[in-house]
Amino acid sequence: MTGFIERALDSAWLWLIARICLAVVFAASGLAKLVDFEGGLAEMRAAGLEPAILFNLLTAATLLGGSAAILADRLVWLGAGALVVFLVATILVVHTFWSKTGPEAQIALFFALEHVSVAGGLIAAAIASDQRRRLRWRG
């Protein structure tokens with residue numbers, strides 16, 4: 001069993017599945033901001049971000065560009081870093097649990113904690129990508 005797990009953890013297919021799982025939420029959100037452009041603009045306005053068109057385009061570009069880097073396993077550190085900055089900014093602008101009360105504060109806190117967890121996964125992916133590349137160079 002241990003041999004199977006070690007081979008799986010070293011495999012290209014599991015690394016690809018992990019990257020797909022990590023990037024899918026960002027890619028889907030980035031595409032949604034372009035496909036439903038008016039909906040994306042409404043999100044930006046609701047967050048107080050003006051000009052909404054600029055923020056919607058920058059958000060879509062960040063989400064899609066970061067996802068593409070992770071999926072392609074190229075410059076993962078840059079794509080993951082951009083998405084971590086996006087997540088932190090989202091907490092500071094949208095999920096401001098410290099300024100809310102009651103159920104609204106609790107929901108915002110849950111979203112903020114989820115963003116922190118995903119940021120950790122993005123950082124782990126950047127580290128894993130770098131380590132996998134170093135191992136290939138040595139091997």
Could you list the donor-acceptor pairs under 3.5 angstrom formed between side-chain atoms of residues 111-127 and any protein atom two or more places apart in sequence or on another chain?
from   : atom 1 : to     : atom 2 : distance (Å)
His115 : ND1    : Phe111 : O      : 3.1
Ser117 : OG     : Leu113 : O      : 3.2

Kindly indicate whether the side chain of Leu9, heavy atoms from C-beta on, has any atom under 4.5 Å from the side chain of Trp15.
no
Measure the spacing between [atom1] of [X] and [atom2] of [Y] and express it to the nearest 0.5 Å.
{"X": "Arg19", "Y": "Leu22", "atom1": "CZ", "atom2": "CG", "result": "10.0 Å"}
{"X": "Arg74", "Y": "Ser129", "atom1": "CZ", "atom2": "OG", "result": "8.5 Å"}
{"X": "Leu83", "Y": "Leu78", "atom1": "CG", "atom2": "CG", "result": "9.5 Å"}
{"X": "Ile107", "Y": "Lys100", "atom1": "CD1", "atom2": "NZ", "result": "10.5 Å"}
{"X": "Ile70", "Y": "Trp77", "atom1": "CD1", "atom2": "CH2", "result": "13.0 Å"}
{"X": "Glu43", "Y": "Thr59", "atom1": "CD", "atom2": "OG1", "result": "8.5 Å"}

For the side chain of [X] and the backbone of [Y], is there at least one donor-acceptor N/O pair under 3.5 Å apart?
{"X": "Arg132", "Y": "Ala128", "result": "no"}
{"X": "Asn56", "Y": "Lys33", "result": "yes"}
{"X": "Ser11", "Y": "Leu14", "result": "yes"}
{"X": "Thr90", "Y": "Phe86", "result": "yes"}
{"X": "Arg133", "Y": "Asp73", "result": "yes"}
{"X": "Ser99", "Y": "Thr96", "result": "yes"}

Which heavy atom of [X] sits nearest a heavy atom of [Y], and at what distance?
{"X": "Leu34", "Y": "Leu64", "result": "CD1-CD1, 3.6 Å"}
{"X": "Ser67", "Y": "Ala27", "result": "OG-N, 3.1 Å"}
{"X": "Leu63", "Y": "Ser29", "result": "CD1-OG, 3.5 Å"}
{"X": "Met44", "Y": "Ala52", "result": "CG-O, 3.7 Å"}

Linking Ile, Leu, Val, Met, Phe, Trp and Tyr by side-chain heavy atoms under 4.5 Å, what else ends up with Ile20?
Leu16, Leu71
Would you kindly confirm whether [X] and [Y] end up in one hydrophobic cluster when ILVMFWY residues are joined by side chain heavy atoms under 4.5 Å apart?
{"X": "Leu49", "Y": "Val94", "answer": "yes"}
{"X": "Trp13", "Y": "Ile5", "answer": "yes"}
{"X": "Trp137", "Y": "Leu75", "answer": "no"}
{"X": "Phe55", "Y": "Val93", "answer": "yes"}

Step by step, would you call Phe37 with Ile53 a side-chain contact (heavy atoms from CB on, under 4.5 Å)?
CA-CA 9 Å; Phe37 202 77; Ile53 191 166; 3.8 Å; yes
Mind checking what makes side chain to side chain contact (heavy atoms under 4.5 Å, CB included) contact with Val25, not counting sequence neighbours?
none
